[in-house]
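Counting starts at 1 for both ligands and their atoms, in listed order. The model shown is predicted, which means the values in this text are computed figures rather than measured ones.
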Amino acid sequence: METVTVNTASASYPVHIGPGLLDETGALAAGVTGSRTCAVVTDSNVEPLYAARVCRSLQNAGFTVRLHVFPAGEQSKNLPVFGEILEFFARNQLTRSDLAAALGGGVTGDMAGFAAAAYQRGIDYIQIPTTFLAASDSSVGGKTAIDLAAGKNLAGAFHQPRLVVCDTDTFRTLPEEAFADGAAETLKHGLIADRDFYRFLMSEDIHARIDQVVRRNVEIKAAVVGEDEKEHGRRKLLNFGHTLGHAIEKVSGFAVTHGHAVAMGMVLASRAAVRLGHSPAGTLQEVQSACRRLGLPVECPYTAGQLFAAATADKKRDGGNIDVVVLEEIGRAKTVRLDMEGLRSFTEAAL
Ligand code: NAD
Ligand code: GLY
C-alpha cells in the first residue's frame with residue numbers, strides 16, 4: 001500500500017493506494033474517526049460489484065452500516081437524487097458524529113460528498129474511488145457538487161474527506177472507455193504540471209504501472225490543492241480542457257463522458273492557444289497524439305456557436321470574465337482571462 005498525505009488549509013488526510021484495499025476500509029476508517037455508524041452511498045453498477053465487501057469490512061471494524069444505491073450515471077448527479085441521499089441520511093438518523101462513505105466513481109464521490117457537506121451543516125465522509133478518474137482526480141481535493149439545468153457542478157461545496165481508500169484492483173472491472181476517462185485527467189496532470197510524468201505516460205503501459213500512475217496523480221493534485229484549496233489561483237490550472245469540456249458534456253446531454261469531453265477540451269484549448277499565440281507551435285500535435293495513444297478522442301462534433309452558448313453558463317465565469325487554461329509548454333500551464341468576446345474568439349479559434 002502506498003500513502004500520500006493531502007495537507008490543505010482546512011484538513012489533512014491520507015490517500016491509501018493499492019490492490020485489495022476494499023477489505024481494509026473498515027480498519028482504515030476506524031483509524032480516522034470515532035463514528036460508529038457509516039452511511040455508504042453507491043451507484044447501481046458498483047453496488048453488485050463491491051458494496052458487500054466494503055460493508056462487511058466496515059461491520060467487522062465495529063460500524064453499523066446503512067447502504068443507499070442510486071441509478072448510475074452523470075444523469076443522476078442532480079437535485080432530486082441528491083435530495084434522496086439527504087433523506088436517506090435523515091431516515092437513518094445520522095448525527096453529526098456519524099460518517100458517510102462514497103463508494104464509486106466521480107459522480108458518487110461528488111454527490112455523496114456534497115450531501116455530507118450539506119447534511120446537518122457538514123458531517124465527515126470518506127472517499128472509496130472505484131474508477132481510475134475518481135482515484136486520480138475527483139476523490140482528492142474536496143470539491144463536491146451536483147449539476148443544475150444551466151450547467152455542470154453549479155451547486156456544491158468544498159468539503160475535504162477524512163480519508164481516501166483507493167483499491168486499484170477495482171479498475172479491472174471498468175469498461176475500456178471508462179478507464180480512458182481516467183487517462184484524460186491523468187494526461188491533464190502531466191500536461192499542466194509535470195513533463196517527466198507526461199513522458200512516462202507516453203512511453204509506459206499505464207495499466208501495468210497503475211499504482212504508480214495513481215500515486216503521481218494524487219501527488220500532483222495534493223500539491224496544487226495544498227497551495228490553493230479554494231481555487232483562487234493555481235488550482236484553476238486543474239481546469240485545463242474543462243471550459244470547453246463542460247460545454248461539450250452539456251451540449252451532448254451527457255452522452256459524452258467527462259473524461260472524453262476533457263480530452264476534446266484539451267485539444268480544442270491547445271488549438272486555440274497556438275492560433276492566438278499563447279502556446280508554442282507543436283503543442284496541438286503533442287496533445288492530439290497523447291490523446292490518441294490513451295484511447296481518447298481528438299475531434300469535437302459540435303460547432304463553436306453551440307459550445308460558446310453552453311460555456312457562458314460555466315461556473316468559472318467571474319463577473320463578465322472567464323479564465324481559460326493554456327499550455328506555456330508541455331508540463332507548464334497558465335490562465336488567460338477573457339471577457340465574453342474573448343471567449344467567443346477563443347472558441348472560434350478552437351474549432
Ligand atoms: P462515474 O462515477 O459516472 O463512473 C463511470 C461509470 O463507471 C459509471 O457507470 C459507474 O457506475 C461505473 N463504475 C464505477 N466504478 C466501476 C468499476 N470499478 N467497475 C465497473 N464500473 C464501474 O464517472 P467518473 O468518470 O468516475 O467521474 C466523472 C465525474 O467526476 C463527473 O461528474 C465529473 O464532473 C466529476 N469530477 C469531479 C472532480 C472533482 O474534483 N470533484 C474532478 C474530476 C471529475
Ligand atoms: N478537477 C479540478 C479540481 O479539483 O480543481
Side-chain angles (χ1 to χ4, degrees), residues 6 8 22 41-51 53-54 69-78 81 102-114 117 127-147 151-154 156-161 164 166-186 188-189 192 217-218 220-222 224-225 227-243 245-246 248-250 254 256-263 265 314-316 325:
V6 182
T8 73
L22 286 186
V41 178
T42 193
D43 76 23
S44 52
N45 290 335
V46 176
E47 190 266 339
L49 293 168
Y50 302 118
R53 272 175 69 196
V54 168
V69 184
F70 68 88
E74 184 75 32
Q75 288 83 352
S76 282
K77 198 176 149 184
N78 59 28
V81 179
L103 170 67
V107 166
T108 304
D110 278 14
M111 193 159 51
F114 185 31
Q127 290 270 14
I128 312 167
T130 63
T131 64
F132 180 28
L133 183 145
S136 299
D137 191 346
S138 60
S139 64
V140 174
K143 271 192 185 176
T144 72
I146 56 170
D147 305 332
K152 284 272 300 178
N153 298 335
L154 286 179
F158 288 97
H159 188 47
Q160 301 291 343
V164 182
C166 170
D167 182 340
T168 47
D169 279 345
T170 60
F171 308 160
R172 291 192 186 151
T173 52
L174 277 180
E176 209 174 302
E177 294 233 316
F179 188 86
D181 284 326
E185 300 283 17
T186 297
K188 176 195 78 178
H189 286 147
I192 63 165
N217 275 314
V218 173
I220 290 170
K221 185 146 185 192
V224 174
V225 302
E227 190 180 307
D228 176 24
E229 181 178 10
K230 300 276 173 78
E231 198 172 299
H232 298 301
R234 191 173 169 214
R235 188 165 185 169
K236 291 180 183 176
L237 300 181
L238 295 176
N239 295 326
F240 179 49
H242 282 57
T243 300
H246 282 169
I248 289 166
E249 281 186 88
K250 191 175 162 198
F254 298 110
V256 179
T257 56
H258 180 72
H260 281 62
V262 167
D314 191 284
K315 72 179 186 307
K316 285 170 284 298
V325 183

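In this structure, of T42, T173, D147, I146, the residue bringing a heavy atom nearest to atom 20 (C) of ligand 1 is T173. The closest non-hydrogen atom to atom 14 (C) of ligand 1, taken over T131, V140, D181, comes from T131.
Taking a cut-off of under 4.0 Å to the non-hydrogen atoms of G105, the atoms of ligand 1 that pass are 2 (O), 26 (O). Atom numbering of ligand 1 starts at 1 in the shown order; those under 4.0 Å from a heavy atom of D110 are 35 (C), 36 (N), 37 (C), 39 (C), 41 (N). Residue-ligand proximity, E74 to ligand 1, at heavy-atom distances under 4.0 Å covers atoms 31 (C), 32 (O). Of all atoms in ligand 1, listed by their number and element, those nearer than 4.0 Å to a heavy atom of A72 are 11 (O). Applying the 4.0 Å criterion to heavy atoms of D137 picks out, from ligand 2, the atoms 1 (N). Proximity to K143 (heavy-atom distance under 4.0 Å) selects the following atoms of ligand 1: 40 (O), 41 (N). In summary, the atoms of ligand 1 found under 4.0 Å from a heavy atom of Y50, numbered by their order in the structure, are 18 (N). Close approach to K143 involves these atoms of ligand 2, each under 4.0 Å from a residue heavy atom: 2 (C), 3 (C), 4 (O), 5 (O). Short contacts between ligand 1 and K152, defined as distances under 4.0 Å to a heavy atom of the residue, involve ligand atoms 31 (C), 32 (O), 33 (C), 34 (O). Ligand 1 places these atoms under 4.0 Å from at least one heavy atom of K77: 31 (C), 32 (O), 33 (C), 34 (O), 35 (C).
On a distance-only criterion, G104 and ligand 1 share no N/O pair closer than 3.5 Å. No N or O atom of N239 sits closer than 3.5 Å to an N or O atom of ligand 2. Where the criterion is an N or O separation shorter than 3.5 Å, residue side chain and backbone included, E185 fails it with respect to ligand 1.
The shortest heavy-atom distance from H242 to ligand 2 is not under 4.0 Å. Using a 4.0 Å heavy-atom cutoff, K221 is listed among the residues neighbouring ligand 1.
One distance of note links CG of L49 with OG1 of T170; it measures 9.5 Å at 0.5 Å rounding.
The part of H258 lying near ligand 1 is the side chain, judged by heavy-atom distances below 4.0 Å. For L49, every heavy-atom contact with ligand 1 shorter than 4.0 Å involves the side chain, none the backbone. Contacts between L133 and ligand 1, counted as non-hydrogen atom pairs separated by less than 4.0 Å, involve the side chain only. Contacts between D43 and ligand 1 below 4.0 angstrom, taking non-hydrogen atoms only, involve the side chain exclusively.
For the residue pair K188 and L238, the shortest heavy atom distance occurs at NZ-O, 2.9 Å.
No side-chain N or O of T42 forms a donor-acceptor pair with one of Y50 less than 3.5 Å apart.
Salt bridge annotation for K152-D110: absent, with no cationic side-chain nitrogen under 4.0 angstrom from a carboxylate oxygen.
In this structure, H246 and H258 have tilted ring planes: the angle between them lies in the 30° to 60° band.
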Under the side-chain contact (heavy atoms from CB on, under 4.5 Å) criterion, do F254 and K77 qualify, and how do the steps go? CA-CA 11 Å; F254 298 110; K77 198 176 149 184; over 6 Å; no

